[in-house]
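Heavy atoms only: backbone and side chains are in, while hydrogens, waters and symmetry mates are out. Note on naming: letters A, B, ... go to the chains in the order of the sequence lines (proteins, then strands), and numbering restarts at 1 for each one.
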Protein chains: 2
Amino acid sequence: MGQPTMDDVAAHAGVSRALVSLVMRDSPRVSDRSRKKVLASANELGYRPNVWARNLASGQTNTIGVMLNDLHNPYFTELAEGVAAAAAEAGMELLITSGWQRESGEHAAIETLLNMRTDGIVLGAARFSGEVFDEVAQQTPTVAVANFDEPESMDTVCNDEAHGSELVVDHLTKLGHTRIAHIDAGNAPGAPERRRGFMNSMSDRGLAPIVFDGDFNEHAGMSAAANLMKLKEPPTAIFAANDLSATGVLSHLRSIGARVPDDVSIVGYDDTLLAGLGALSLTTVHQPRQLFGRRSTELLLERIEGRTAAKHELIQPRLVTRSSTGPN
Amino acid sequence: MGQPTMDDVAAHAGVSRALVSLVMRDSPRVSDRSRKKVLASANELGYRPNVWARNLASGQTNTIGVMLNDLHNPYFTELAEGVAAAAAEAGMELLITSGWQRESGEHAAIETLLNMRTDGIVLGAARFSGEVFDEVAQQTPTVAVANFDEPESMDTVCNDEAHGSELVVDHLTKLGHTRIAHIDAGNAPGAPERRRGFMNSMSDRGLAPIVFDGDFNEHAGMSAAANLMKLKEPPTAIFAANDLSATGVLSHLRSIGARVPDDVSIVGYDDTLLAGLGALSLTTVHQPRQLFGRRSTELLLERIEGRTAAKHELIQPRLVTRSSTGPN
DNA sequence: GCCGTTGTATAGAGCGCTCTACTATTTACT
DNA sequence: AGTAAATAGTAGAGCGCTCTATACAACGGC
């Protein structure tokens with residue numbers, strides 16, 4: 001007969017199935033005596049409520065879904081951790097799917113969640129346009145952790161990238177640096193905002209922003225650094241698009257015998273595990289990624305409760321000072 | 001009326017619900033004409049099969065679950081990626097849950113999967129004993145990626161840790177090293193096997209194994225390295241329990257002015273992102289983590305198909321040589 | 001013209017729950 | 001004592017599917 005059902009428990013406890021159902025859902029409308037009796041029977045039979053049946057009957061899943069672009073990227077996993085914490089506090093289950101860095105993967109992952117009919121979805125995505133998001137938002141409550149142009153159909157939570165750049169420029173100029181270069185990451189998510197923030201902060205201070213093409217990886221940092229150091233007047237500080245790129249910069253500087261931070265200061269962005277390593281010790285911009293997850297989940301729960309007006313939150317990063325930056 | 005149901009599609013297409021069901025399940029017992037008609041109606045109404053109802057009625061979920069100890073650890077995410085690939089090939093959905101590094105979290109994560117009644121479970125766990133695994137295996141087909149003592153109740157896939165250590169010792173002795181130290185990680189998962197492999201390989205070559213207490217983190221590597229270098233005859237090569245610990249070693253050696261690999265060679269374990277960074281460039285032991293995922297999923301599918309005899313696979317790692325090791 | 005096939009389609013009984021409406025029993029309050 | 005209100009429990013109709021058993025053509029063989 002396979003797994004025991006609610007009817008089995010009811011029969012064993014000598015009560016109705018409805019009562020067992022109430023007990024399982026922690027209803028207050030059950031006497032202590034019955035509750036104990038039912039729980040004892042359930043326990044004895046090894047009863048485990050059938051989620052499929054429950055969700056079918058109730059039309060709810062008590063579950064929220066998170067779609068992550070890439071499980072290998074700590075950005076997304078920390079995001080997920082924040083979501084998990086907030087979901088647990090609200091008594092909700094969490095289902096995670098990943099797009100494995102591919103756009104088709106993200107589609108499939110979202111499709112899986114929509115099929116599961118989770119009560120809502122948190123999108124930690126990067127690969128596609130606002131329209132796709134919109135389509136999802138049409139079908140279920142949705143919160144995106146990404147910086148779109150404040151769409152009406154869903155809530156968003158994102159990092160104030162430009163402000164992060166401002167913090168970096170502020171830190172470096174206070175250390176006396178004036179020739180500061182930024183290695184950007186083209187149009188990758190977040191990169192344009194970081195670049196814009198850098199350029200504005202520099203010109204606000206009457207300084208000429210130096211920007212070199214780059215990407216969010218180590219190699220880009222290495223080759224951009226090589227080009228920068230070949231300039232007639234090389235910069236005294238380099239602000240990379242992210243920590244990985246900064247690591248590339250560091251690697252190149254060491255290879256040409258430049259001392260960090262004595263000759264050149266380096267700043268990263270993201271405050272990943274890398275930045276904290278003793279062997280690297282990068283000054284970097286910390287984003288409260290777990291907080292992104294928390295806030296997005298809180299917003300999602302509000303939506304599930306019925307709010308319809310879109311909310312958009314901008315979260316402030318902070319600078320973490322380590323030993324890759326020093327006075328000029 | 002919310003989402004359209006199968007009945008709506010049936011009515012719209014002028015056929016029975018049973019026929020729609022057959023079409024949705026790609027049954028060959030449907031004429032082309034009917035199939036097209038049904039598909040058109042479904043599409044027009046925006047019909048999406050209700051997974052809950054389907055699973056309830058069919059008693060299957062066509063889904064496998066993966067429980068990961070920690071989403072931040074690349075070991076587990078690459079494992080998951082392998083599982084995802086194999087699951088996709090078999091036409092199965094994938095559900096991921098995480099224990100967030102806590103034992104209670106792992107319990108909850110497993111509970112979620114059991115409640116979901118996935119067709120099978122892959123356990124990428126680290127925090128608890130074989131008995132807990134056994135209990136899970138009693139309830140559903142299970143494969144663990146971990147090195148237990150070949151339990152009867154489930155399949156296992158694991159890395160041949162000892163062999164990895166052997167590769168390291170072989171590499172270092174061929175470079176002429178004889179005073180080789182290992183910084184271990186106590187009883188953390190995999191650590192005892194790595195230590196044992198190291199000790200055996202050393203004594204096989206008539207060399208005295210030096211083993212210092214450590215852990216799987218950076219700090220442990222730093223302090224163990226400090227102690228090692230204070231010895232009257234410091235080792236000429238240090239084999240750390242993992243890459244993170246090796247990073248700590250590197251950091252300490254640099255701080256005391258020792259050159260790597262000229263003065264001291266360093267070897268890590270795991271071949272994480274860290275090891276490949278230009279600024280670190282660690283020789284390390286690579287484990288085919290995705291393969292672990294693939295194989296475990298394949299074994300799981302066999303179990304779901306009905307195999308009951310336990311299978312246990314040991315997968316061979318290989319050495320990746322970078323610039324942290326050199327001749328003595 | 002009858003029978004057995006083969007190919008399509010349908011009816012209808014569940015799957016294991018939830019939830020509304022209802023009954024039965026106490027307790028509370030004039 | 002008599003009624004209202006609160007408390008505890010139950011019956012039974014779904015939820016949206018799957019799947020077995022069955023119906024009904026259309027066809028070929030004799």
Derivation and outcome, side chain to side chain contact (heavy atoms under 4.5 Å, CB included), residues A/Thr61 and B/Trp52: CA-CA 9 Å; A/Thr61 63; B/Trp52 309 107; 3.3 Å; yes
Pairs satisfying salt bridge (charged side-chain N to carboxylate O under 4.0 Å, His left out), at least one member in residues 68-97 of chain B, at least two apart: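 Residue pairs passing salt bridge (charged side-chain N to carboxylate O under 4.0 Å, His left out), neighbours aside: B/Glu78-B/Arg289, B/Glu89-B/Arg294.
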Within residues 38-60 of chain B or reaching into it, pairs that qualify as salt bridge (charged side-chain N to carboxylate O under 4.0 Å, His left out) - sequence neighbours excluded: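 Every salt bridge (charged side-chain N to carboxylate O under 4.0 Å, His left out) pair that includes a residue of residues 38-60 of chain B, provided the two are not neighbours, is A/Glu111-B/Arg48.
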With [X], which residues qualify under salt bridge (Lys or Arg N to Asp or Glu O under 4.0 Å), at least two apart?
X	answer
B/Lys311	B/Glu302
A/Asp270	A/Arg194
B/Arg117	none

Take atom [atom1] of [X] and atom [atom2] of [N], then tell me their distance rounded to the nearest Å.
X	N	atom1	atom2	result
A/Arg117	D/dG16	CZ	P	9 Å
B/Asp26	D/dT18	CG	C1'	15 Å
B/Lys37	C/dT8	NZ	C1'	11 Å
B/Asp7	C/dT10	CG	C1'	13 Å
A/Gln60	C/dC17	CD	P	17 Å
B/Met6	C/dT10	CE	P	13 Å
A/Arg17	C/dC15	CZ	P	11 Å

Going by side chain to side chain contact (heavy atoms under 4.5 Å, CB included), name the residues that satisfy it together with [X], two or more places apart in sequence or in a different chain.
X	result
A/Thr140	A/Leu114, A/Ile121, A/Val136, A/Thr142
B/Gln316	B/Asp160, B/His163
A/Asn159	A/Glu161, A/Tyr269, A/Gln287, A/Phe292, A/Pro317

Test log, rule side chain to side chain contact (heavy atoms under 4.5 Å, CB included), inputs A/Val83 and A/Ser296: CA-CA 7 Å; A/Val83 172; A/Ser296 55; 4.2 Å; yes
Close approaches to DNA chain D from residues 45-58 of chain A, in residue order (heavy atom, under 4.0 Å):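 Per residue number, the list reads A/Leu56, A/Ala57.
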Bending between helix ends of the helix from C/dG1-D/dC30 to C/dT30-D/dA1 [5 pairs per end, 10° resolution]: 40°
Smallest separation among heavy atoms of A/Pro4 and A/Tyr47, with atom names: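 Minimum heavy-atom separation between A/Pro4 and A/Tyr47: O-CD1, 3.3 Å.
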Under 3.5 Å, which protein N or O atoms sit close to an N or O of nucleotides 6-9 of chain D? Give each pair with its distance.
from, atom 1, to, atom 2, distance (Å)
D/dG9, OP1, A/Ser31, OG, 3.1
D/dG9, OP1, A/Ser34, OG, 2.4
D/dG9, OP2, A/Ser31, N, 2.9
D/dG9, OP2, A/Ser31, OG, 3.2
D/dG9, OP2, A/Ser34, OG, 3.3
D/dG9, O6, A/Arg29, NH2, 2.7

Please produce a list of atom pairs where a protein N or O lies less than 3.5 Å from an N or O of nucleotides 25-28 of chain D.
none

Verdict with reasoning, B/Leu71 to B/Phe76, per side chain to side chain contact (heavy atoms under 4.5 Å, CB included): CA-CA 6 Å; B/Leu71 235 42; B/Phe76 292 110; 5.9 Å; no
Side-chain N,O (A/Arg25) to OP1/OP2 (C/dC19) below 4.0 Å: yes
Side chains of B/Leu39 and B/Asn43 in contact at under 4.5 Å (non-hydrogen atoms):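 Not touching, per the 4.5 Å side-chain cut-off.
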